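First up is the structure itself, then whatever we jot down about it.
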Amino acid sequence: MGDLKRTHYLNQLTKADEGREVILMGWVLRRRDHGGVIFIDLRDRYGLTQVVFNPETNPEVHAKAHGLRSEWVLAVRGTVAVRPEGMTNTKMSTGEIEVMVDELRILNQSRTPPFPLDEEVEVNENLRLKYRYMDLRRPEMTKNLVIRHKACQAMRSFLHAKDFLEIETPVLTRSTPEGARDYLVPSRVNPGRFYALPQSPQLFKQLLMIAGMDRYYQIVRCFRDEDLRADRQPEFTQIDMELSFVNEEDMYEIGEGMMKALFSETMGREIKTPFPRITYAEAINRYGTDRPDTRFGLELTDLTATVENCGFKVFRTVVKKGGMVKSINARGCATFSRKDLDVLTEYVADFGARGLAWVKVKEDGEWQSPITKFFTDEERKAMAAKLDANPGDLLFFVADRPQVVHAALAELRLELARRLDLTSKDDFDLVWVTDFPLLEYDHEQKRHTAVHHPFTAPREEDIDLLESDPGQALSRAYDLVLNGIEIGGGSIRIHQKPLQDKVFRALGIDDDEAGDKFSFLLEALESGAPPHGGMAFGLDRLMMLLSGRDSIRDVIAFPKTQKASCPMTEAPSKVSRRQLTELSLKPDWKEQG
RNA sequence: GGGGUCGUAGUUCAGUUGGUUAGAAUGCCGGCCUGUCACGCCGGAGGUCGCGAGUUCGAGUCUCGUCGGCCCCGCCA
């Protein structure tokens, strides 16, 4: 660079700068060499500017420019010129001007890029991750990281204005029961003992409330050693918060205010508050899931009572065994082919449905279906009325255990929406899901486990149920769902030890175990713990939705592959025998270095 | 742990019933070209068909295994 100092970014110059001497720095995106005049599109994080090398005005510089290649790093000194008549490029924000170069310094050369950076071809993701520093130069990827930054800034300033303190919590902490599999870190100075990386800073933020911090937040990395998905990474980022002296309404207000600020400042979109609320029970009933995509209808209709005595044996026996029959009216879909229906049947089978019954409502109102003969006219009428079935509609039915019916129809509903193109990535439907069950029964472990986490408060009126019928108790937990994706959740916490003891007992954690694993929390609850509650938002998922991407990998600078590896650094890697020995670890796997 | 799908030039892909020397576009290299903006024109190089076995006279193509990418189920309080 020598004595050159950059004067402008590559998105800044306009007609108003005509005649100005400028110094620009950036990467060669494209070179157009006409033998005579040479054009270079110079790129930086901010944009593109065309720089021009003219053999008549500066032969030496022009000769040097002849050798430039993609992704070389340049500094140029030159003069801003308005482009000749008719030569404006309306696709570029700097398309009205160009910079006539007087001095060129090659700051660095580059290997030929492993994949094109200037086109929108889908490149193998493994390759993109191996050369992530090249991938991130692509404007689309740069944009995602810029939006992410803006989002963090927006949320930070919102929370700061609401008196939150940003406080860091340990990354090396202790493993606690419940929840996901922990990432473990061996302790060198304590042989045989391990730290766990936090699945969330849950206990620490509660302890900060007990410490009187009143309002805490943190943009914090969390770790869960579970299998990956398009929206799940082993390390991910949460906007984590906790507040003292609050109830659910306070939490909704904070959550809504923060989302409002987020959408406004990152996308310039004004979203409506308050957000609609739906109870867990209603969400399951109407959508089959606790994270409903509310951008479209296709809701579930319960026909159990209507068909319990019908002539169709499959339906009748399912109902008799305590199961249910539910239906979706796919309006106007009677045109689906037999093949379509077979594919959809196979699709719901993935989610446990042993069959998918269907009825096409013909133009004359008649039912075309393999099962229509099993129903009386009255039954058909009753079903049609409940489903508001009209000519041209296609009705789907699933009969099974409630869990299976809901899982299958929830997925069918989403698949239909995809086929019918009912959703747009530009719509953002936010909804609170409330009144979750506190506990659910785990058949494998033969005990109840926490739906949210063990520190979630039950509804006051349900506390007695903890002993009589724990599965029926509802909690003071809430989730925020955006377009069918859970982007956040939280709860009002237990702040008194006797209630915490009760919940531990309902979870099958006896006093000894509770004392062993949570004594610090229990003692703290006895030390003047204020009522408190909180929530956390998944930053990666939020950014994925805001950036219109289908994978959180596209909004994370250096993500992991589905096998939890990093093609660039080749992590996880082998370690030396010496390192293991220092940690008092003896490998029992083969070929460990 | 399981299911699906993909793997061919640097990249994105094509490759017929198994049959001679595996193609295209783009990129790359060289030459020409003074107003392009995905510049244009001419020429050239570039392949362990992911890897390993098997079937066969013969395998990019068929079979089995294996490795890897992606999607999903389980899992993820």
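Everything quoted here is computed from the prediction, not taken from an experiment.
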Query raised in the report: Is the shortest side-chain N/O distance from A:Thr561 to OP1 or OP2 of B:rG69 below 4.0 Å?
Result: yes
Requested in this report: Verify the contact: side-chain N or O of A:Arg553 to OP1 or OP2 of B:rC71, cut-off strictly under 4.0 Å; return yes or no.
Outcome: yes
Query raised in the report: What interatomic distance, in whole Å, is found between P of B:rC62 and the corresponding atom of B:rC49?
Result: 16 Å
Report task. Specify the residue among A:Met100 and A:Arg31 whose closest nucleotide of RNA chain B lies further upstream toward the 5′ end. Result -> A:Met100
Query raised in the report: Nearest nucleotide by nearest heavy atom, which residue falls closer to the 5' end of RNA chain B, A:Glu98 or A:Ser70?
Result: A:Ser70
Query raised in the report: Does a side-chain N or O from A:Arg30 land closer than 4.0 Å to OP1 or OP2 of B:rC39, or not?
Result: yes
Query raised in the report: To the nearest Å, how far apart are A:Phe351 CZ and B:rG4 P?
Result: 15 Å
Query raised in the report: Under 4.0 Å between a side-chain N or O of A:Arg69 and OP1 or OP2 of B:rG27?
Result: no
Requested in this report: Answer yes or no: does a side-chain N or O of A:Ser565 lie under 4.0 Å from OP1 or OP2 of B:rG69?
Outcome: yes
Query raised in the report: Just wondering, more than 12 heavy atoms not from A:Tyr195 lying within 6.0 Å of its OH?
Result: no
Query raised in the report: Would you say A:Lys563 reaches B:rG68's phosphate, i.e. side-chain N/O to OP1/OP2 under 4.0 Å?
Result: yes
**Report entry** Centroid under 5.5 Å and tilt under 30°, A:Phe39 to B:rU36
**Finding:** yes
